[in-house]
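Following: one structure in structure tokens, then a few remarks.
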Amino acid sequence: MGINLEDIHKSFGLPPTSVLKGINVTVNDGEFVAIVGRSGCGKSTLLYILSTLDQPSSGSVEIDGRLVENMDIGEVHSFRNMQMGFVFQFHHLLPELSVIENVLMPALKRNLAQQKRDNALKLINEFGLSDKINRLPGQLSGGEQQRVAIARALVMGPKYIFADEPTGNLDSTNGDIVMGLFKRFNQEQKTTIIYVTHDPTFASLASRQIHMSDGRII
Ligand SMILES: Nc1ncnc2c1ncn2[C@@H]1O[C@H](COP(=O)(O)OP(=O)(O)OP(=O)(O)O)[C@@H](O)[C@H]1O
Ligand SMILES: [Mg+2]
């Protein structure tokens with residue numbers, strides 16, 4: 001099981017510009033994969049299609065043996081909420097909610113906040129934020145905010161984590177912390193991790209690198 005893309009094309013706009021030009025790739029369960037390549041080559045677009053956040057113009061996306069195009073929208077949303085965690089360059093925390101409330105957000109959406117509370121507290125503790133649990137995001141450093149975002153991505157115990165430049169906005173110390181957390185969850189929980197990065201050092205931590213150039217895997 002895992003994610004399998006076959007002959008994925010993606011175009012934007014009118015007239016259409018082709019951004020992904022025939023992508024074939026499989027990511028197996030438990031892999032730790034970096035997507036690398038120059039700015040504009042299609043990394044984020046590929047990550048969004050791998051994670052069902054965007055749809056291809058043509059080609060098929062199969063996740064855990066099922067074609068996404070055959071799933072109804074409710075099923076896709078539920079799968080995404082329960083099995084996928086997302087981390088972006090800018091953390092997108094809700095500014096009026098505390099650390100614990102932000103971490104529990106995916107659980108709140110499913111009425112599982114009570115059930116997931118212990119896991120949220122455990123993650124917050126592991127990420128060194130237990131003394132900041134009631135702070136608002138604006139009262140945290142950038143690195144701390146990104147750790148909150150990662151705790152939020154992990155709170156449901158997802159099978160997959162997708163991260164677009166998760167270290168792009170951090171200094172190298174905080175970047176190392178973030179990558180260390182990913183590596184640990186990959187090893188201990190077998191979470192499949194797929195991340196986009198510009199940083200060759202961070203890319204080299206992956207067990208496999210997908211190199212892209214102009215909409216293709218090279
Ligand atoms: N919604 C959109 N509408 C039109 N063009 C888009 C859209 N999203 C992306 N593109 C174009 O598709 C190309 C690939 O974009 P993408 O964001 O995947 O690149 P990237 O490799 O992630 O780049 P970066 O490293 O700068 O983040 C770019 O030329 C971009 O301008
Ligand atoms: Mg990008």
Side-chain angles (χ1 to χ4, degrees), residues 2-27 31-63 68-69 73 76-77 80 84-93 142-143 145-150 152-154 158 160-172 174-183 185-186 191-218:
I3 306 176
N4 185 44
L5 302 191
E6 264 176 46
D7 200 23
I8 295 293
H9 291 256
K10 178 72 177 178
S11 306
F12 288 111
L14 274 175
T17 12
S18 180
V19 171
L20 298 182
K21 304 172 180 173
I23 299 275
N24 294 288
V25 71
T26 300
V27 177
E31 278 205 276
F32 189 42
V33 178
I35 302 174
V36 299
R38 291 175 62 168
S39 179
C41 70
K43 302 181 297 297
S44 296
T45 307
L46 176 61
L47 188 80
Y48 292 173
I49 290 175
L50 281 164
S51 65
T52 75
L53 287 179
D54 199 2
Q55 287 80 47
S57 306
S58 67
S60 69
V61 181
E62 200 181 80
I63 301 187
V68 174
E69 66 199 86
I73 191 75
V76 176
H77 283 165
R80 217 185 272 154
M84 296 177 163
F86 297 91
V87 181
F88 300 97
Q89 178 170 358
F90 300 98
H91 46 73
H92 303 308
L93 298 176
Q145 291 176 34
Q146 193 63 312
R147 273 180 272 155
V148 175
I150 296 169
R152 177 182 59 186
L154 288 165
Y160 301 97
I161 290 282
F162 300 93
D164 196 355
E165 307 266 9
T167 59
N169 209 25
L170 302 177
D171 63 26
S172 66
N174 280 298
D176 287 341
I177 291 171
V178 163
M179 289 311 303
L181 292 173
F182 282 159
K183 189 93 201 161
F185 272 81
N186 173 253
T191 312
T192 303
I193 302 198
I194 307 175
Y195 63 105
V196 171
T197 184
H198 272 115
D199 187 311
T201 312
F202 290 143
S204 69
L205 298 172
S207 39
R208 175 159 66 111
Q209 295 186 28
I210 294 174
H211 291 266
M212 293 189 69
S213 173
D214 190 24
R216 293 187 174 86
I217 291 175
I218 50 168

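All ligand and atom numbering here is 1-based and tracks the order in the structure.
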Evaluate the criterion side chain to side chain contact (heavy atoms under 4.5 Å, CB included) for residue pair Ile49 and Lys10; output intermediate values, then yes/no. CA-CA 9 Å; Ile49 290 175; Lys10 178 72 177 178; 4.1 Å; yes
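Summarising the geometry, atom CG belonging to Asp54 is positioned 5.5 Å from atom CZ belonging to Phe12; distances are rounded to the nearest 0.5 Å. Atom NZ of Lys183 is separated from atom OG of Ser207 by 5.5 Å, given to the nearest 0.5 angstrom. Taking OG1 of Thr52 as the reference point, atom CE of Met84 lies at 4.5 Å (rounded to 0.5 Å). Atoms OH and CZ, from Tyr160 and Phe86 in turn, are 11.5 Å apart once rounded to the nearest 0.5 Å. Residue Arg152 holds its CZ atom at 15.0 Å from CZ of Arg147, rounded to the nearest 0.5 Å.
Atoms of ligand 1 lying under 4.0 Å from at least one heavy atom of His198, given by number and element, are 25 (O).
The nearest protein atom to atom 18 (O) of ligand 1, hydrogens excluded, is given as Thr45 OG1, 2.6 Å; this is a heavy-atom distance. For atom 11 (C) of ligand 1, the closest non-hydrogen atom on the protein side is Val19 CG2, 4.0 Å. Among all protein heavy atoms, the one lying closest to atom 25 (O) of ligand 1 is Lys43 NZ, 2.7 Å.
Looking at Phe12 next to ligand 1, no N or O pair under 3.5 Å apart turns up. At least one N or O atom of Gly40 sits closer than 3.5 Å to an N or O atom of ligand 1.
A salt bridge is absent between Arg38 and Asp214; no separation between the charged side-chain nitrogens and carboxylate oxygens falls under 4.0 Å.
Proximity of Met212 to ligand 1, defined as any heavy-atom pair under 4.0 Å, is not found for any part of the residue.
Protein nitrogen, oxygen and sulfur atoms, that is N, O or S, within less than 2.8 Å of the Mg ion (ligand 2) amount to 1.
Not a single donor-acceptor pair under 3.5 Å links the side chain of Thr26 to the backbone N or O of Asn4. One N or O on the side chain of Ser57 and one on the backbone of Ser11 form a donor-acceptor pair closer than 3.5 Å.
The presence of a protein heavy atom under 4.0 Å from atom 2 (C) of ligand 1 is confirmed. Per-atom contact check: atom 31 (O) of ligand 1 does not touch the protein, criterion being a heavy-atom distance below 4.0 Å.
Ring pair Tyr195/Phe202: centre-to-centre distance not below 6.0 Å.
None of Leu50, Leu20, Ile23 except one satisfies the side-chain contact (heavy atoms from CB on, under 4.5 Å) rule with Thr45; the exception is Leu20.
Closest heavy-atom approach to atom 22 (O) of ligand 1 within the set Ser11, Ser44, Gly37, Ser39: this belongs to Ser44.
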